[in-house]
Amino acid sequence: MTEQTKTMHKDIEARFAGIIALDDRSGYEGYRVEAEKLVEFATALRDEFGYDFLSSVTGVDYLPDEKMEVVYHIYKSTGGHALVFKVQVPRANPVVPSLVSIFPGADFQEREAWDLFGIRFEGHPNHKRILMWEGFSGHPMRKDWKEAYYEADAKPFDARWPGGDVSRSEDKMVFNKNVAYPQDFTPENWTPEGETALYSGMQNIATDEDLQTEHVVVNLGPQHPSTHGVFRMVATLDGETIVKLEPVMGYLHRNHEKIGERNTYLMNIPFTDRLDYLSSMSNNFGYVLAVEKLLGDTTHIPDRAKYIRVIMAEFTRISNHLMAIGALLNDLGAYFTPMLYALKERELILDIFEAVSGSRMMCNYYRFGGVARDLPPGTHEMMRGLAFERLPRQIDELDRYLTENEIIRARCEGVGVLTPEEAIAYSAVGPVLRASGVPYDVRRADPYSVYDRFDFDVAVRYHGDVYDRYLVRLDEIRQSIRILQQALNGIPECDNCLGKPRYSMRVPAGEAYGRVEGPKGELGFYVVADGGPNPWRYHVRAPSFINLTALSKMCEGDKIADAIIVLGSIDIVLGETDR
Amino acid sequence: MSEKLNTPGYDVPPEMQDVVAITTLDKIYNWGRRYSAWPMMFGLACCAIEMICTAAARFDFSRFGMEIMRPSPRQADVMLVSGTVTKKMVPQIVRLYNQMPEPKYVVAMGACASGGGPFKEGYNVVSGVDKFLPVDVYIPGCPPTPQALLHGLMKLQEMMDTQSIKNVRWYQKEPLDAIPIPILGPDLLDPRDFPQFAEKMAASATENKEA
Ligand code: SF4
C-alpha cells in the first residue's frame with residue numbers, strides 16, 4: 001500500500017467512524033459496513049473520495065456463522081488498488097439495500113446474488129432471477145443446497161479416488177437424469193412461471209410523444225445466428241426503434257462456481273479455460289494470480305515464467321480481438337469473409353498454444369508459481385515470426401480493407417454510444433470502457449506480473465460508439481504486438497530455470513481478489529479460502545457479463561438492426577457471461 | 001465419385017464411362033444426401049468455436065459436402081450439438097430438433113454433448129443430449145479437434161450409405177411423433193416421465209430416507 005492510499009484510508013475511517021469497522025478476520029482486508037448505512041457510505045465514497053467504479057459485487061455464504069456476506073470491490077477510474085467493503089446480514093433473512101441507483105453497474109451482479117444466494121436487494125428495480133429460470137427451486141450457491149448428483153462436499157470424492165468407482169451418476173438416480181424435485185411436487189399442479197415476468201415489463205411503455213403508436217415486442221435468441229452463442233434479447237419496438245431492451249441469459253449457465261467450490265485449487269485451472277473459451281490463457285492468468293495472492297508467494301515466480309505468461313496472454317489478446325472483429329463484420333452482414341481472414345491468423349496463434357500446452361483452445365497452461373512446462377524447441381522462432389513479421393503485416397491489411405470502408409463507417413459511427421460517465425457508472429470494462437474515452441487498463445492502473453517493464457500505450461478512443469470499439473481493438477492488437485516484441489527480445493534464456501510449479505499446497509485462510517486485463521476487460525477472481533484443500537468461495541468477475549449491463553442503455557433509441565452490432569461490439573462470450 | 005455410384009455390376013461401355021452410371025435407387029439417394037448434409041448454424045459453447053474453425057479455410061468441411069451452415073432448422077439436415085446442454089436451453093434444443101425436416105441427424109460433438117463432460121455434476125447441466133434426442137454420432141474430445149469433427153462427420157456419411165429407402169423411418173406409413181418438449185419446473189421436467197412420476201417420487205423419497 002502506498003503512502004497516499006494509507007492517508008486516504010485514514011480519511012475514510014475518520015469520516016465514517018462508527019459506521020464502518022475494519023475487517024479483522026485473519027487474511028481479510030477492507031471494511032465492514034452496517035447494512036442500513038450502506039447507501040450513505042457508497043454515495044460518500046463516490047462523491048467525496050473519488051471511488052467511482054464499482055467493479056465487483058458478490059455474495060458469500062458463511063454457513064457456520066449463519067451469515068450472508070455481500071462483498072464489494074470498488075476503484076477509482078484513475079487507477080490504483082481496490083477498496084473492499086462488506087455487508088453481513090443474517091442468513092435466515094438476508095436483505096441488503098440495492099446500490100443500483102448509485103452504481104447502475106451493480107444491476108446484474110445483484111440479481112445474480114439473489115438468484116444464486118437468495119440475498120434480497122431492497123430497492124432493486126428489476127428484482128428477478130438472472131441465470132436460472134423463475135420457478136427454480138432454491139438458491140443453488142448456498143452451502144446447504146445440494147445438486148442432484150451430489151456426492152460429497154469436496155473432491156476428490158472417496159468413491160473415485162483411491163476407491164476407483166467408475167459408475168455413472170445418472171444410473172444412481174431414480175429419474176435417470178440430473179434432476180431432483182421438492183418432496184411435495186406433482187407436475188399436475190404446476191403452472192410454469194414461463195416468461196410472464198419477463199414480458200410483462202416489456203409491453204405498453206409510455207413515451208412522451210403525442211402520437212402513441214402500438215409497441216411490438218420482439219424476441220431474439222437464444223438460437224439466433226448473430227447472438228454469439230445462446231444469448232437472448234427481448235426488445236420493445238416503436239416501429240423499428242428500440243424503446244426498451246432486456247438481455248436474457250443463463251442458457252449456458254454451467255455452474256462453474258458451484259463446481260469450483262467442490263474442486264481443489266489446482267483442479268480449477270482447466271475449468272477457467274472454459275470460461276471465456278476464446279482466451280483461455282488469460283483466464284488461467286487471473287486465477288493463478290488470485291491464488292498466488294492467497295499463498296503470498298508472488299515473488300518466487302522465476303522471471304522466465306513471468307515472461308512466458310505475458311507472451312501467452314498477449315497472443316491471446318490478439319487472437320481474441322481478431323475473432324471479435326471478424327464476428328462484428330459478420331454481424332454487419334459481411335458474412336464470413338472477414339471472419340475467414342481473422343481465423344487464418346488465429347490458427348497460427350493456436351499452433352503456438354498447441355505446441356506449448358498440447359491443446360489448441362483449452363490450454364490449461366499456467367500453474368501456481370509458474371507455468372506447466374517450458375517452451376518446446378522451435379516455438380520461440382515461431383513466435384518471433386508472428387510477432388515481428390506476419391502479424392504486423394496482416395493487421396495492416398485488415399486495417400486497409402476495413403477501417404475506411406464506407407458501409408462500416410455508415411453503420412458503426414454514432415451507433416450504440418456510451419458516454420464516459422455512463423461507461424464508468426455501468427462498470428463497463430475493457431475495450432468498451434476505453435472506446436468511451438476512459439484510459440483505464442489494469443495492466444497500467446494496477447500493474448501485475450512484469451507489465452511494468454514494457455513500453456506500451458493504453459489504447460483509447462473518444463466517441464464511445466461501435467466504430468471506436470472496433471478501432472480500440474485494432475489499436476490494442478498493435479500494442480500487444482509491441483509488448484510481444486519486447487518480451488520476446490527480453491525473455492531470459494536458461495535451462496531448467498522455471499522452478500517447480502506447485503501442485504498440492506496448503507492455502508492459508510483468507511480472501512484474495514486477483515485481476516488481469518483480459519481481452520474483454522477486467523477479469524477478476526475472488527477466492528475465499530478456509531484453510532482446507534478447496535476454496536470456500538470461488539467467484540468470477542466476468543467482463544462479458546458485466547459489460548452487458550450497459551447493453552440496453554446503448555441500444556435504446558437505436559434501430560433494431562443496430563442492436564445486433566452493438567452486441568457484436570461488446571464482444572461477449574457466453575461461457576463467461578453465464579459461467 | 002462415379003465408382004461409389006456405379007456398383008451393381010453392369011458394365012458400362014468404355015465410350016459411355018463418366019457419362020452414364022448404372023446404380024440402385026438406394027445408392028443414388030444416399031449419394032445425394034451424403035454430399036449435401038448441411039449442418040444447422042447452432043453453437044452452444046466452446047465446441048462451437050472448433051466447429052467454426054472446421055468450417056473455415058484451414059479445415060473447410062465444405063470439401064466433404066457440409067457445404068453451408070443454415071441458421072434455420074427448416075433448411076438443415078444435421079444438428080451438431082456443439083457444447084454443453086443446459087437445462088435452461090434444452091427446451092429450445094428439442095424444439096429446434098422438432099422443427100428440422102426429415103431426414104435429420106444429430107451429432108453430439110464433445111464431452112458435454114455426449115455425456116455432460118466436465119460440467120456433468122452441475123445443477124443446470126443435462127448429462128448428454130441423448131437424454132432427449134436420438135444421437136447418431138458421438139465425437140469425443142473437449143473440444144474435439146477439427147480433425148476429429150471431420151472424422152465424426154465422415155462416420156455420419158458412412159452411416160447414411162447403409163440406409164435404405166425401404167426402411168428409413170421417414171418413409172414409413174405412420175406419422176412421426178415429435179419429441180415432447182421439456183418444461184422448466186422446480187427442476188427440469190420431462191413430459192415422458194409424467195406417467196410414472198408419483199411412483200418415482202416415492203422411490204426417491206425412500207432412497208433419501210435410507211441414505
Ligand atoms: S466438451 Fe469441452 S470444449 Fe466442448 S463444450 Fe464441453 S467443456 Fe466446452
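Proteins get letters first, then strands, A, B, ... in listed order; numbering begins at 1 in each. The shown structure was predicted, so the numbers you read here are calculated from the model rather than taken from an experiment.
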>> Under 4.5 Å from any heavy atom of chain A, what part of B/Ala55 do you find: side chain, backbone, both or neither?
In response: both
>> Is A/Met249 close to chain B through its backbone or its side chain, or both, or neither, when contacts mean heavy atoms under 4.5 Å?
In response: backbone
>> Between B/Asp193 and A/Lys177, does any NZ, NE, NH1 or NH2 come within less than 4.0 Å of an OD or OE carboxylate oxygen?
In response: yes
> Any idea how A/His256 and B/Phe119 line up, ring-wise: parallel (<30°), tilted (30 to 60°), or perpendicular (>60°)?
Replying inline: tilted
> Which of the residues B/Pro118, B/Ser72, B/Pro191 is involved in the greatest number of heavy-atom pairs with chain A at under 4.5 angstrom?
Replying inline: B/Pro118
>> Is there a side-chain contact (heavy atoms from CB on, under 4.5 Å) between B/Met89 and A/Leu252? Walk through the geometry before answering.
In response: CA-CA 7 Å; B/Met89 188 64 193; A/Leu252 191 56; over 6 Å; no
> Hey, what do you get for CG (B/Asp190) to CG (A/Asn176), rounding to the nearest 0.5 Å?
Replying inline: 11.0 Å
>> Is A/Arg254 in contact with chain B via its backbone, its side chain, both, or neither, using a 4.5 Å heavy-atom distance?
In response: both
>> I'd like to know which of A/Gly138, A/Pro270, A/Ala180, A/Ser359 tops the heavy-atom pair count under 4.5 Å against chain B.
In response: A/Ala180
>> Can you tell me which portion of A/Asp276 sits under 4.5 Å from chain B's heavy atoms? Options are side chain, backbone, both or neither.
In response: neither
> Looking only at heavy atoms, which two atoms of B/Lys88 and A/Gly250 are closest? And how far apart?
Replying inline: CD-O, 3.7 Å
>> To the nearest 0.5 Å, what is the distance between CG on B/Asn124 and CD on A/Glu147?
In response: 12.0 Å
> Quick one: ring pair (Phe, Tyr, Trp, His ring centres under 6.0 Å) pairs with a partner in residues 140-160 of chain A, sequence neighbours left out?
Replying inline: A/Phe136-A/Trp145, A/Trp145-B/Tyr123
> Is A/Arg262 salt-bridged to B/Glu121, going by a charged N under 4.0 Å from an acidic O?
Replying inline: no
>> Taking every non-hydrogen pair under 4.5 Å, which of B/Ala56, B/Pro71, B/Ala45 racks up the most with chain A?
In response: B/Ala45
> Side-chain contact, heavy-atom cut-off 4.5 Å: A/Arg360 with B/Pro146?
Replying inline: yes
>> Need one label for A/Leu278: side chain, backbone, both or neither, based on atoms under 4.5 Å from any heavy atom in chain B.
In response: side chain
> For the atom pair CE (A/Met323) and SG (B/Cys53), what is the distance rounded to the nearest 0.5 Å?
Replying inline: 6.0 Å
>> Quick check for you: to the nearest 0.5 Å, what is the distance between B/Ile68 atom CD1 and A/Tyr335 atom OH?
In response: 6.0 Å
> If every non-hydrogen atom of A/Trp133 is compared with every non-hydrogen atom of B/Gly185, which pair is closest and at what distance?
Replying inline: NE1-O, 2.6 Å
> Looking at A/Pro222, A/Gly575, A/Ser169, which makes the most heavy-atom pairs under 4.5 Å with chain B?
Replying inline: A/Pro222
> Of the listed residues (A/Met362, A/Lys258, A/Gln223), which shares the most heavy-atom pairs with chain B below a 4.5 Å separation?
Replying inline: A/Gln223
>> Which one wins on heavy-atom pair count under 4.5 Å against chain A: B/Met69, B/Arg58, B/Lys131, B/Glu199?
In response: B/Arg58
>> Under 4.5 Å from any heavy atom of chain B, what part of A/Tyr251 do you find: side chain, backbone, both or neither?
In response: both
>> Report which part of B/Ile93 has an atom under 4.5 Å of a heavy atom belonging to chain A: side chain, backbone, both, or neither.
In response: neither
> If you round to the nearest 0.5 Å, how far is CZ of A/Arg274 from SG of B/Cys46?
Replying inline: 6.5 Å
> chain A: which of B/Ala198, B/Ala48, B/Cys142, B/Gly43 shares the most heavy-atom pairs with it under 4.5 Å?
Replying inline: B/Cys142
> For the candidates B/Met40, B/Gln92, B/Glu50, which exhibits the highest count of non-hydrogen atom pairs separated by less than 4.5 Å from chain A?
Replying inline: B/Glu50
> Which atom names give the shortest non-hydrogen contact between A/Asn255 and B/Val125, and what distance separates them?
Replying inline: OD1-CG2, 3.5 Å
> Looking only at heavy atoms, what is the nearest atom pair of A/His253 and B/Thr86, with distance?
Replying inline: O-CG2, 3.7 Å
>> With a 4.5 angstrom heavy-atom cut-off, is it the side chain or the backbone of B/Leu189 that approaches chain A, or both, or neither?
In response: both
> Between B/Val126 and A/Asn178, is a side-chain contact (heavy atoms from CB on, under 4.5 Å) present by the stated rule, with each step listed?
Replying inline: CA-CA 6 Å; B/Val126 175; A/Asn178 183 8; over 6 Å; no
>> Can you tell me how far apart CZ (A/Phe185) and CZ (B/Phe197) are? Round to the nearest 0.5 Å.
In response: 5.0 Å
>> Heavy-atom cut-off 4.5 Å, strictly under: side chain, backbone, both or neither for A/Met132 against chain B?
In response: both
> Of all of A/Leu131, A/Asp351, A/Thr186, which one pairs up most often with chain B through heavy atoms under 4.5 Å apart?
Replying inline: A/Asp351
>> If we define contacts as heavy-atom pairs under 4.5 Å, which of A/Ser137, A/Pro187, A/Gly135, A/Pro182 has the most with chain B?
In response: A/Pro187
>> Applying a heavy-atom distance below 4.5 Å, give me the residues of residues 340-350 of chain A that approach chain B, sorted by number.
In response: A/Leu340, A/Leu343, A/Arg346, A/Glu347
